[in-house]
Structures are given as structure tokens and as C-alpha cells.
Amino acid sequence: MLEKAFVGGRKYWTWMACLLGIMGLGFIMWLWQFRVGLGITGLSRDVSWGFYIGQFTYLVGVAAAGVMVVIPYYIHNYKAFGRITILAEFMAVGAVSMCLLFILVDLGNPVRALNVMLHPTPGSVLFWDMIVLNGYLFLNIFIGWNVLSAERKGSLPPGWIKPFIYLSIPWAISIHTVTAYLYAGLPGRHFWLTAVMAPRFLSSAFCAGPSLLILLCLIVRKTTRFDPGKEQILTLGGIVAYALILNVFLFVCELFTVFYSQIPGHMDHFTYLFFGLHGQGNLAPMMWAAFGLMAMAIILLVIPACRRDEGILAVACVLTIIGTWIDKGFGLVVGGFVPNPLHEVTEYWPTLPEALIALGVWATGLLIISVLYKVATTVKEEGEQKRA
Amino acid sequence: MGVNRRKFLKIAGMSTLGAAAVPASSALAAVNPIEWLDKKLGGFTPFETLLHLFHTPVGFKPGEALTGKQWVMVVNVKELDDEIAEACRETCHRVHNVPQIDNPRHEIKWIWHSEYKHVFTGQHNEHIAEKYHHLPFLVMCNHCENPACVRVCPTKATFKRKQDGIVLMDMHRCIGCRFCMAACPFGARSFNWIIPWPRESAGTLPRFRKGKEPPNPEYPTRVKGVVEKCNFCAERLAKGQIPACVEVCQEAAKEKGKEPALAFGDLADPDSEVRELLHSHFSIRRKPELGTGPNVYYIV
Ligand code: SF4
Ligand code: SF4
């Protein structure tokens, strides 16, 4: 089936060429980083994780969000989503690939990455994260490919694929839960040391992921003859609305505990993020923007007339994606490190090479998604032609 | 403190003498042969000793080593001044080839000093006696009882050595994920953000750090992209020497006729100097509420 990715019009090839160009640039920057060290990033002794790990965290969420389509279709027998499960699964494949790449570019010693397997350490959450992420990647490729092959032959997917599909549901939850546990079990990092971390991760995942999927569906409709369907998009819109509200609600729960208890160690991180601490606060505008955008998105999404208008829905999705991206891909990671354990403030801002490497990874993920979507939509187009 | 100093030397001496004395006494007392072997090998298991034949911790000689069940450091805060603190930092960093990097973002610190309010966050109040505000509190890795850094490491590159409780780093295994840095509640760990020593890149160098050679040829250098921290001078203990910073403090104390600012010893040994110090003084530890069980004590 993969050969279908090699047939395409001019626009398709231009798009692919652009992605390859960005990937190339990112790769060159990464070679530089590989040679001279992570010192070319904005990271420091105090803020030792930043942009890369933030993107990783965010994208785990996007990947996990595939279940928001799989659950209604396979468990609640909501037939309409049958049209787009493959799109959700392939989006997850792209997202998990990016996750793994972001971990790799963040390592100080990428050539030793296999040490995680050579010296398995079940006590380390990172060890489990590696297992669940790779497992999820495998599951989605495996399921997506088999279901699509069957569809191409005009037959139903083989029965033995069902257990894998059911397995993929808790597995999706697990990738984001385990990722939250990376943070939520560290003594002395009060910003992360909270039981709502995993629920918050999941809720933000379930609004960011479907938002991205809605945008992808709209793009697919524009650029191919396959229409993912109006009903599908609108239902996804509803899911985004619920999840986004839940996300903000959980954040408010967090705020209450932190600020009503008035424990300085817990308040400092929030104060830093939103108001600055000791006169330093270069993340504050972004954090306010993030919650402003999310609030706007909620307003657009809860008004039925707006949500049902695909144009406005698309805007709300973009707002959601940017808002949650800042909150989780940036504030969450950096906020945990400032102030540092000695209560000093060291600020963080990504450098240009760092941003370019991250962009390169995004381009790689988009390339994977584009190839897989190209295959999927071609198969769907052909199937519909045959039936017509 | 003279007595205590002697006790130190006694431990050091005993372990050398021990090599000869132990077999005789063990024959008499019919002690457990494994224990006997263990002592004979200076606290390392036979397997570890075998390993060391191929992968030598620098200068390690069985029988000479200082051994203990749980090493601890006691910081006698009243004896600290900027000069001593700086001497400790300088010596430690020199004997361990710690890269000297000026950019504070990329700095590597094994031992350094900071103010009370930074070291004992949460225990600070405005009315603490003036002299404590600016005392240079020495800080280093606490070699915790229940170290968070060890718990999170996905490769066991950082581990707690069973026989004496030191939390060590294997810089050849570390993948540089920095999970341990996020986990340590004391900011004790540093990462090699840039190439630490020129020899790594064989000739063609980036512009920084050109031409500097590691000061201590006996201690290994490391590559970029790994985490490092204080090791309680494990390589010196293996040779029967006390940690470098403690030695500095003892010498300075002798010169000035004062008490040394740092003391080091085995917490499990009821006769040790550190036990005596902790017994007779009020001491505190950093963030004990987090349950990591720091093994650096501060007498205030
Ligand atoms: S002080 Fe930090 S680095 Fe040292 S043992 Fe404790 S947790 Fe680990
Ligand atoms: S940076 Fe190295 S020592 Fe620290 S957790 Fe990762 S592999 Fe372990």
C-alpha cells in the first residue's frame, strides 16, 4: 500500500519538499548539538529540561487522544467514527514518533540510548515510559495497517485484530499516565507533586488531540476527494468542548489547593509563571495568553451555533491547540524548575538552534502523518469509487 | 578535636594493618569466612574486586581502603568562613577534574557554598541571628539514605553502593536524560552541557576550553552529556584517604588552632568522631521532610 504515498500532485510534492527541507535544517542543527553538546540550547543547570521535553509531553497527549475516536466507535458502536478511526490512529503514529525523537534529541548521550534496555530498571518511570510509548507506536501501526488493508480488499478487518484494538484503549491512557508519573512522583518539585497531574494530562490531551484531528480532517476534505464527514467533525468538536472545560476545571482545583493552603513552596512556581518571581518573569505573558486563549475557545465551543459552524470550530481548535501547547509544552516543564531547589530563579528561553531542532522533529512527524494520510485517503477514495 | 583526628588516622591505619592482623584473629574467633574476606578486600565483595581488576577505580588496593557502613559528613557551620569554603571547593574540583566553566548556566559544582536561606529553604526566618545570614554554608550531594536520584535513573548509572552507602555515578553508563537532576531535591547534580575537556574531540576544538588540561592525571575525565556530582571521594577512600575537602579543613584547623569545619566518618560505628559530634551538638539536615534521608549534617 505504501506505493500510494509516491503518487501525488504538485501540491503534495511541494508540501513534502518543504517538510524535507525543514527536517534537513533541523538535522544539521542536531549534528551541531551532537558535536558540541546540549550547551547550544537555552537549558541550564537549574532548568535542565525545557523545550524538547515539553514538546514530548505535549505530543504524548496528542497521541493518546486517538482513543477519543476509538472508544465511541468500538465500545459504544458509534458508527460515524468508523470513517475516521484510521485518521486518528495514523495521527497517533506521527505523534508518538515525534515523542521518541524528542527524547532522543534531549539525551546528552544519544548513542547510549540502548542502555535503557541493556540495564532495565523497573523502578524508573522512564523505563516504563519507553515501553508504553514503543508499544503504543507498534499497536497503532499494526492495527491501522491491518484495518486499512482489509478495507482495500473490500473485506472486513480480521477478527483477531479486535483484541489488539481493545488493548490499545487502556494502552493509550497508560502512555499519558506514565508520562505524568515522570513528573508527579519527584520529591521537592512541588509544582509537579500533585495527584491531579495525570488527570490534567489526560484532559488536556483529550482536547488538544481531537482539536488537531479536526484540523486534519478539514485539511483532508480540502485536499482529497475523501470527506471525513460533517457529523464526525461536529462530534469531535463536542469532545473538545468537554475536555477543555475539564482541563481548566482541574487547573482551578490545583490553584485552589495551592493558594488557599498558602504554602510558599507550592505557590512560588505559580507566582513565577504568572507574575514573575524576584523580578524575573519572562514566561508570564505567555501563560496569561495560554489561559486567555483557552477561555476564548471555551466560549466559542459552548455556544452551540458557533460550535456547529465548521469555520468557527476550526478557530476554536487552533486556540485550544496553542493554549494547551503553551500550558503543557512550556509552562509545565519550565515552571517546575523555577525556582530551583535552592530557591534561586534562573530563567529559561529556547535558543534558535534548539527551536530549529524542535521544528525539524515536528516536520518529521508531519511527514509521517502526511505519508500515512496519503495512503489512507487514497484507499478510502478508491473504495468509495468502487461502491459508487 | 585532636582526639577525633587521631581516631581518623586510626581508622586509616587499622585498615592497612588489618590486612595482616585479621587472618590471625579470625582463626581464633572463627568468624564468618565471608565477612573475613569482605574485610580483607576492603569492603568490596570478591566479585567487585574481580571487576576492579579490569575496571580499576583509580589507585584502588584491597586492604588499604577506609571502610564503613554509612559514611556521613558533618558540617560544623561555626567554623566556616569564605576562605575555608572556597578552599574546599577549589580542592575538590581540582582533584576530581571538575571542569571550570564560567557561564553559570553550564557550571559544574560538586561542592559549593550558599546562604542559609538558600540551603535551608523553608526554615528561614528574618530574625535568625545576623551572623548566620551570610555564613557560607557548604553544600554537596547528601548521599541520601533513600535517594530520589537513584530511584528515577533508567540505567542504574547512578546507584547507592551497598557496602558504605555512597551514592555514585557511572559516567560511562549515563545516557544524559537528566531525570536524576529533576528528582534531586537539593540541586546537587550537574550536567556537562559542553565538552568538559579538550581531549574528547581530538584536535579540532570548538572555541571554548582550548588547551586546558585536567589537573589530576589520576582521576578520569568525562565526556559531554553526562551528569556528575560529589562522590564522597570514593576513589580516595579506596586508597585509605579521607575526602579531600575534609583534609583541607583539618589542615586549616591545625594551622589556626581551631576545630575543623568538616568531619567525615561512619555513622554505623558508635565510636566514630561523627557519632560523637552528632551526640554532643544540635544538628539539622536539609529538607528532611522529603524523606530522602540526607547524610550530611549541619551543626549550627
Ligand atoms: S542529594 Fe540529591 S543527588 Fe545526592 S543522593 Fe540525595 S537525591 Fe541523590
Ligand atoms: S542523566 Fe544519567 S544518571 Fe541521571 S537519570 Fe539519566 S542516565 Fe541516570
Side-chain angles (χ1 to χ4, degrees), chain A residues 32-49 53 103 106-130 182-183 185-190 192-193 263-265 268 333 336-337 339-344 346 348, chain B residues 101 103-109 114-115 117-119 121-122 124 139 146 148 150-157 170 172-196 200-201 204 206-208 223-227 286-287 289-292:
Chain A
W32 184 32
Q33 174 185 297
F34 183 71
R35 192 167 147 64
V36 307
L38 278 156
I40 67 164
T41 66
L43 296 167
S44 60
R45 192 180 190 279
D46 290 333
V47 185
S48 47
W49 282 341
I53 294 294
I103 296 243
D106 185 69
L107 289 186
N109 256 302
V111 285
R112 293 186 192 162
L114 280 184
N115 276 0
V116 180
M117 276 177 248
L118 296 177
H119 309 283
T121 314
S124 168
V125 185
L126 201 53
F127 168 76
W128 291 108
D129 214 28
M130 180 211 64
L182 286 177
Y183 299 94
L186 305 179
R189 300 278 181 194
H190 297 307
W192 298 331
L193 193 70
I263 300 174
D268 289 339
V333 176
F337 285 108
N340 75 359
L342 284 95
H343 209 96
E344 298 150 339
T346 306
Y348 164 80
Chain B
I101 297 163
N103 181 351
R105 307 176 72 88
H106 298 161
E107 217 179 343
I108 295 183
K109 305 192 268 197
S114 194
E115 291 177 4
K117 65 170 187 229
H118 290 302
V119 177
T121 51
H124 175 66
V139 287
N146 180 15
V150 170
R151 191 154 62 235
V152 301
C153 176
T155 63
K156 305 191 193 83
D170 181 346
H172 297 280
R173 188 186 284 190
C174 173
I175 58 174
C177 65
R178 311 193 288 297
F179 202 1
C180 54
M181 294 177 78
C184 171
F186 306 99
R189 296 179 158 258
S190 309
F191 182 72
N192 282 283
W193 296 103
I194 59 177
I195 295 173
E200 182 188 341
S201 57
T204 50
R207 39 176 208 297
F208 35 70
V223 294
K224 67 173 184 295
V226 296
V227 165
R286 296 172 70 192
K287 303 186 183 176
E289 72 279 9
L290 297 180
T292 66

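Remember, it's a predicted structure, so these values are computed and weren't measured experimentally. In what follows, every chain begins at residue 1, and chains take the letters A, B, ... in the order their sequences are listed. Only this structure's heavy atoms are used, side chains among them; waters, hydrogens and symmetry mates stay out.
For A:Trp192, the part lying near chain B is the side chain, with the backbone staying farther off; criterion is any non-hydrogen pair under 4.5 Å. Interface residue A:Arg189: only side-chain heavy atoms are found under 4.5 Å from chain B. Using a 4.5 Å cut-off between heavy atoms, A:Tyr183 does not touch chain B at all. Within the 4.5 angstrom heavy-atom criterion, atoms from both the backbone and the side chain of A:Asp106 approach chain B. Proximity to chain B is absent for every atom of A:Pro122, based on heavy atoms less than 4.5 angstrom apart. When heavy atoms are compared at a cutoff of 4.5 Å, A:Leu114 does not approach chain B at all. Only the side chain of B:Thr121 comes within less than 4.5 Å of a heavy atom in chain A; its backbone stays farther off. No part of A:Asn340 comes within reach of chain B, as not one of its non-hydrogen atoms sits under 4.5 angstrom from that chain.
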Please walk me through it: do B:Val226 and A:Arg112 pass side-chain contact (heavy atoms from CB on, under 4.5 Å)?
CA-CA 11 Å; B:Val226 296; A:Arg112 293 186 192 162; 3.6 Å; yes

Mind running side-chain contact (heavy atoms from CB on, under 4.5 Å) on A:His343 and B:His124 for me, showing each step along the way?
CA-CA 12 Å; A:His343 209 96; B:His124 175 66; over 6 Å; no

Please walk me through it: do B:Ile175 and A:His119 pass side-chain contact (heavy atoms from CB on, under 4.5 Å)?
CA-CA 12 Å; B:Ile175 58 174; A:His119 309 283; over 6 Å; no

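Counting heavy-atom pairs under 4.5 Å between each of B:Arg286, B:Arg173, B:Glu115 and chain A puts B:Arg173 at the top. Among the candidates B:Gly187, B:Ala157, B:Ala188, the residue making the largest number of heavy-atom pairs closer than 4.5 Å to chain A is B:Gly187. Per-residue heavy-atom pair counts under 4.5 Å with chain B were compared for A:Gly39, A:Ala113, A:Gly188, and the maximum is reached by A:Gly39. Counting heavy-atom pairs under 4.5 Å between each of B:Pro104, B:Ala148, B:Ser190 and chain A puts B:Ser190 at the top.
Once rounded to the nearest 0.5 Å, the distance linking CH2 of A:Trp49 with SG of B:Cys177 reads 7.0 Å. From B:Leu290, atom CG reaches atom CG of A:Leu186 across 11.0 Å, with rounding to the nearest 0.5 Å. A distance of 8.0 Å separates CG in A:Asp46 from CE in B:Met181, rounded to the nearest 0.5 Å. Going from atom CZ of A:Phe127 over to atom NZ of B:Lys156 covers 8.5 Å, rounded to the nearest 0.5 Å. In this structure, the separation between CZ on B:Phe191 and OG on A:Ser48 is 9.0 Å, given to the nearest 0.5 Å. Between the CD1 atom in A:Ile40 and the CH2 atom in B:Trp193 there is a gap of 11.5 Å [rounded to 0.5 Å].
When all heavy atoms are compared, the tightest approach of A:Glu344 to B:Ser114 is OE2-OG, 4.0 Å. A pairwise comparison of heavy atoms in B:Cys153 and A:Thr121 identifies O-CG2, 3.5 Å as the closest pair. Taking each heavy atom of A:Asn109 and B:Gly225 in turn, the nearest pair found is ND2-O, 3.4 Å.
Remark: the backbone N or O of A:Gly42 is paired with a side-chain donor or acceptor of B:Arg105 at under 3.5 angstrom. Using a distance-only test at 3.5 Å, with no hydrogens or angles considered, a donor-acceptor pair links the side chain of B:Lys287 to the main chain of A:Pro341.
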